[in-house]
**Student:** 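There's a structure below that I have some questions on.
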Amino acid sequence: MNLFSNEKPEEPAYRVKSKRKTEEKEIEAAARKLREIFQQAAQENQEIVFLCIGSDRYVGDSLGPLVGTMLSENEIPFRIYGTLEEPVHAFNLKGILKEIQKPFKKPLIISMDACLGTQDQVGSVLFNKGPLAPGKALEKMLPEVGDYHFKAIVNSIDPLPASQFLNDTRLFTVMNLAKIIVSIISIAAQKETEPRI
């Protein structure tokens, strides 16, 4: 889980706010950008890898494994690390990163994780270029990962310890955010694989 805390969050290239009237247009815009990334990676012979970080043991941290499982069920044509069955979390992340480097010469990694933000940010998905810092909310020192990343803001920052939010987050919120990310990726992948006329 990632944390904005007092740091100023980067301005997202794309932001989708759950249950807002513009949600569909925002999903389409992010999907168009992601499709461009897929196309550029194909031109440069880069393998697309989705790295879905989190643990299914805590609702607030289950976004990554949920997205990974949903992508696998939708038969997305890219390699996926991190599912409900085989989650990627703090204890195995470094090993998984080494594993990704073995079969792929030039992987383009798109990472994703849940994070905390301000109350008005809750229910938002941010998509941006560059890595994310997993485990920051729990003050874990983990490597930054991803050429691009999705952050889903599942809960707000509070004076209480961040670890409490792992179990104090609504599954409804996490599921909505997971569905948004899967929609963006599915639309981009579908358009990418459609035959050109």
Side-chain angles (χ1 to χ4, degrees), residues 1-3 13-14 16 30-31 33-42 44-115 125-138 140-154 166 169 171 174-175 177-190 192-193:
M1 178 176 276
N2 197 284
L3 174 67
Y14 294 89
V16 180
K33 178 58 181 174
L34 188 56
R35 184 178 72 167
E36 290 172 15
I37 293 165
F38 291 164
Q39 290 170 341
Q40 186 174 353
E44 297 176 12
N45 292 320
Q46 287 185 288
E47 294 283 345
I48 303 286
V49 174
F50 284 99
L51 183 59
C52 307
I53 301 165
S55 170
D56 63 336
R57 293 178 182 266
Y58 306 99
V59 170
D61 201 29
S62 63
L63 177 107
L66 278 171
V67 171
T69 297
M70 293 160 100
L71 291 175
S72 295
E73 290 172 352
N74 287 346
E75 299 180 355
I76 298 299
F78 304 113
R79 187 69 169 93
I80 299 160
Y81 289 86
T83 62
L84 290 170
E85 185 177 1
E86 295 180 21
V88 174
H89 45 67
F91 298 111
N92 66 1
L93 177 62
K94 290 178 183 176
I96 294 293
L97 290 173
K98 287 180 185 175
E99 188 180 315
I100 290 171
Q101 298 301 325
K102 288 178 187 175
F104 306 117
K105 291 180 183 175
K106 291 176 22 179
L108 187 134
I109 299 174
I110 300 172
S111 56
M112 62 197 69
D113 196 6
C115 71
V125 169
L126 313 178
F127 176 56
N128 217 341
K129 186 172 185 177
L132 60 77
K136 203 169 187 177
L138 301 178
K140 295 186 179 180
M141 297 301 293
L142 295 170
E144 292 190 347
V145 291
D147 298 288
Y148 293 87
H149 67 267
F150 286 95
K151 287 181 184 176
I153 304 169
V154 299
L166 293 174
T169 299
L171 180 58
V174 176
M175 282 296 293
L177 294 170
K179 286 174 184 176
I180 287 171
I181 294 172
V182 171
S183 292
I184 292 168
I185 295 168
S186 297
I187 291 167
Q190 179 184 19
E192 176 63 15
T193 55

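Model, not experiment: these values are computed from the prediction. Numbers here are sequence positions counted from 1.
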**Student:** Hey, does Lys179 have a side-chain heavy atom less than 4.5 Å from the side chain of Met70?
**Tutor:**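 Side-chain contact under 4.5 Å: yes.
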
**Student:** Find the distance between CG (Leu132) and CD (Glu144) and round it off to the nearest 0.5 Å.
**Tutor:**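 Answer rounded to 0.5 Å: 8.0 Å.
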
**Student:** Hey, does Val88 have a side-chain heavy atom less than 4.5 Å from the side chain of Glu99?
**Tutor:**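 Glu99 does not reach Val88 side chain to side chain.
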
**Student:** Mark yes when over 12 heavy atoms from residues, nucleotides or ligands other than Lys106 sit less than 6.0 Å from its NZ; otherwise mark no.
**Tutor:**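 Counting neighbours around NZ of Lys106, more than 12 heavy atoms of other residues, nucleotides or ligands fall under 6.0 Å, so yes.
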
**Student:** Is Glu85 atom CD crowded by more than 12 heavy atoms from other residues, nucleotides or ligands, each under 6.0 Å away?
**Tutor:**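 Not buried by this count: 12 neighbours or fewer within 6.0 Å.
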
**Student:** Tell me the closest heavy-atom pair linking Pro134 and Leu93, and the distance in Å.
**Tutor:**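 Looking at all heavy atoms of both residues, the shortest contact is CG-CD2, 3.7 Å.
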
**Student:** Return the orientation label for the Tyr81 and Phe104 ring planes: parallel under 30°, perpendicular over 60°, tilted otherwise.
**Tutor:**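 Tyr81 vs Phe104 ring planes: perpendicular.
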
**Student:** Rounded to the nearest 0.5 Å, what's the gap from CG on Leu142 to CZ on Phe91? Could you check?
**Tutor:**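 The CG atom of Leu142 sits 9.5 Å away from the CZ atom of Phe91.
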
**Student:** Can you measure from CD (Glu86) to CD1 (Ile96) and round to the nearest 0.5 angstrom?
**Tutor:**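 That separation rounds to 8.0 Å.
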
**Student:** So how far is it from Lys105 NZ to Glu47 CD, rounded to the nearest 0.5 Å?
**Tutor:**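 Between atom NZ of Lys105 and atom CD of Glu47 there are 10.5 Å.
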
**Student:** Could you tell me whether the side chain of Asp113 reaches within less than 4.5 Å of the side chain of Asp61, counting heavy atoms only?
**Tutor:**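 Yes, at least one pair of side-chain atoms sits under 4.5 Å.
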
**Student:** Listed by chain and number, what are the side-chain hydrogen bond (donor to acceptor under 3.5 Å, both in side chains) partners of Gln101, not counting sequence neighbours?
**Tutor:**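 side-chain hydrogen bond (donor to acceptor under 3.5 Å, both in side chains) list for Gln101, sorted by chain: empty.
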
**Student:** Does a side-chain heavy-atom distance below 4.5 Å link Cys115 with Ile153?
**Tutor:**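 Side-chain contact under 4.5 Å: yes.
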
**Student:** Hey, is the main chain of Pro87 close enough, under 3.5 Å, to the side chain of Asn92 for a donor-acceptor pair?
**Tutor:**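 Yes, the answer is positive, given that a donor and an acceptor are paired below the 3.5 Å cut-off.
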
**Student:** State, to 0.1 Å, how close Ala189 and Pro77 come at their nearest heavy-atom pair, and which atoms those are.
**Tutor:**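 In terms of heavy atoms, the two residues are closest at CB-CD, 4.1 Å.
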
**Student:** Looking at every non-hydrogen atom in both residues, tell me the closest pair between Leu63 and Ala178 and how far apart they are.
**Tutor:**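 Looking at all heavy atoms of both residues, the closest pair is CD1-N, 3.7 Å.
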
**Student:** Specify the closest pair of heavy atoms between Ile181 and Ala152, including all atoms of both residues, with the distance to one decimal.
**Tutor:**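 That closest heavy-atom pairing would be CD1-CB, 4.3 Å.
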
**Student:** Between the side chain of Ser186 and the main-chain N/O of Ser183, is any donor-acceptor distance below 3.5 Å?
**Tutor:**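 The answer is no, because no donor-acceptor pair under 3.5 Å joins these two groups.
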
**Student:** Using every non-hydrogen atom in the two residues, find where Pro107 and Asp147 come nearest and quote the distance to one decimal.
**Tutor:**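 Looking at all heavy atoms of both residues, the shortest contact is O-OD2, 3.7 Å.
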
**Student:** Kindly compute the distance separating CD1 (Ile110) from CD1 (Ile48), expressed to the nearest 0.5 Å.
**Tutor:**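 One gets 5.0 Å once the value is rounded to the nearest 0.5 Å.
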
**Student:** Calculate, to the nearest 0.5 Å, the distance between atoms NE2 and CE belonging to His149 and Met112 respectively.
**Tutor:**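 CE of Met112 is found 11.0 Å from NE2 of His149.
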
**Student:** Indicate the ring-plane relationship of Phe127 and Tyr14, choosing parallel, tilted or perpendicular according to the 30° and 60° boundaries.
**Tutor:**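 Taking Tyr14 first and then Phe127, their aromatic rings sit tilted (interplane angle of 30° to 60°).
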
**Student:** Can you tell which of Thr69, Val182, Ile185 makes a side chain to side chain contact (heavy atoms under 4.5 Å, CB included) with Asn74?
**Tutor:**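 Among the candidates, only Val182 passes.
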
**Student:** What I'd like to find out is whether the side chain of Leu51 reaches to under 4.5 Å of the side chain of Leu97, using heavy atoms alone.
**Tutor:**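 Yes. Closest side-chain heavy atoms under 4.5 Å.
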
**Student:** Grab the two heavy atoms, one from Cys52 and one from Gly64, that are nearest each other, plus how far apart they are.
**Tutor:**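 Heavy atoms of Cys52 and Gly64 come nearest at CB-O, 3.1 Å.
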
**Student:** So do Phe38 and Leu108 actually touch side chain to side chain, heavy atoms under 4.5 Å?
**Tutor:**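 A side-chain contact is absent here, since even the closest heavy-atom pair is not under 4.5 Å.
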
**Student:** Does a side-chain heavy-atom distance below 4.5 Å link Val67 with Leu71?
**Tutor:**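 When only atoms from C-beta onward are counted, Leu71 and Val67 do touch, with a gap below 4.5 Å.
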
